[in-house]
Amino acid sequence: MDPQIHESRIRALYKMLFEIISGNLAHRVPADTDDEQFNEIAKSLNEFASKLQDANYENPFTTSRKWEASELIEPVALIQKVQEYILTHLDEELPSSKELAQMFGTNEFTLKQSFRNWSKTSIYQFYNDERLKKAHLIIEQTRVPLTKIALLSGFNNYTNFYKAFKKKYGVSPADVKRSTTSETNKDTDSNIE
């Protein structure tokens, strides 16, 4: 068989798969060639697309679909639960997105997409921003040493904390104006969590 013809047939099969994934269930691949293996695969894909079309299954991952108000509750509730979990565990290492998905009874793709759609940021960026907000507040309101604040905010070392803080706020943690309480004992506020 001519390699160019073979390659064009393979491309046609992959195009059919792409069309199915994209939600175009009307696309078909001609299954009338002299290659029986190609014809069998093309026939199977055509039947699959026809069955999806007959069942009126729409691709839920295409953006052209209009969502019903009742469908919006589940992703919003999911994201709220994930955000609450993150906020109550800021001083701990963030679980992987796969682990988070398992914890909340969904899959990794749905979790990441829903989080980005509703929060306009990634899970890790949300986690990191919240840790830095917590650190900034502690710096402003206490006299706790900065290295301890880094640990209280979930950073495993001061260097990573310093770089992330400076990137977010444009100043180093030491440049933030601290509380001017009359107590100068640094250990009095060390129980902050």
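Being a predicted model, the structure only gives us computed values, none of them experimental. FYI, side chains are in, hydrogens and waters are out, and symmetry mates aren't considered; it's all heavy atoms of this structure.
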For E93, the side chain to side chain contact (heavy atoms under 4.5 Å, CB included) test, sequence neighbours excluded, returns none
Contacts of Y158 meeting ring-ring contact (aromatic ring centres under 6.0 Å, His included) (sequence neighbours excluded), chain-then-number -> F161
Interatomic distance, CG@D35 vs CD@E40, rounded to 0.5 Å, equals 10.5 Å
Between the CD atom in Q102 and the OG atom in S97, the distance rounded to the nearest 0.5 Å is 10.0 Å
Using atom types as modelled, flag every donor-acceptor pair under 3.5 Å from a side chain in residues 165-175 to any protein atom, sequence neighbours excluded.
| residue | atom | partner | partner atom | Å |
| --- | --- | --- | --- | --- |
| S172 | OG | D175 | N | 3.4 |
| S172 | OG | D175 | OD2 | 3.1 |

Smallest heavy-atom separation, I139 atom then R178 atom, equals O-NE, 3.1 Å
Residues at least two apart in sequence or cross-chain that pass salt bridge (charged side-chain N to carboxylate O under 4.0 Å, His left out) with E7, listed by chain then number, are R11
Verify same cluster id: L151, I138 (apolar side-chain graph, 4.5 Å)
no
Check: Under 4.5 Å between any side-chain heavy atoms of Q83 and I86, yes or no?
Finding: no
Discussion item. Is there a side-chain contact between Y127 and T121 in this structure, where contact means two heavy atoms from C-beta onward sitting under 4.5 Å apart?
Written reply: no
>> Before you tell me yes or no, could you show the steps for F104 and I79 under side chain to side chain contact (heavy atoms under 4.5 Å, CB included), namely the whole-Å CA-CA distance, both residues' side-chain angles and the distance that decides it to 0.1 Å?
In response: CA-CA 10 Å; F104 292 96; I79 299 316; over 6 Å; no
| task | Tell me, with the steps shown, if S122 and R116 meet side chain to side chain contact (heavy atoms under 4.5 Å, CB included). | result | CA-CA 5 Å; S122 70; R116 188 168 289 284; 3.2 Å; yes
Do I123 and M103 belong together in a cluster built from hydrophobic side chains that touch within less than 4.5 Å?
yes
In R131, Q125, E130, the residue satisfying side-chain hydrogen bond (donor to acceptor under 3.5 Å, both in side chains) with N128 is R131
Closest non-hydrogen contact found for L132 with A164 is CD1-O, 3.6 Å
- Evaluate the side-chain proximity of E108 to S96: yes if any heavy-atom separation is below 4.5 Å, no if none is. no
With sequence neighbours left out, the residues meeting side chain to side chain contact (heavy atoms under 4.5 Å, CB included) with N156 are N160
To the nearest 0.5 Å, atom NZ of K98 lies from atom CG of N107 at 11.0 Å
In this structure, CD of Q80 is separated from OG of S119 (nearest 0.5 Å) by 9.5 Å
Q113 meets the side chain to side chain contact (heavy atoms under 4.5 Å, CB included) criterion, sequence neighbours left out, with F109
Whether over 12 other heavy atoms sit under 6.0 Å from F48 CZ: no
Rounding to 0.5 Å, atoms CG (L137) and NZ (K134) come to a distance of 10.0 Å
Closest non-hydrogen atoms of A42 and P30, given as atom of the first, atom of the second and distance, are CB-O, 4.3 Å
Heavy-atom closest pair (T106 atom, L111 atom, distance to 0.1 Å) is CG2-CB, 4.0 Å
**Item:** Exceeds 12 heavy-atom contacts within 6.0 angstrom, atom CD of E92
**Value:** yes
In this structure, NE2 of H89 is separated from CG of L94 (nearest 0.5 Å) by 11.0 Å
Quiz item: With a 4.5 Å heavy-atom cut-off, do W118 and L78 have their side chains touching?
Solution: no
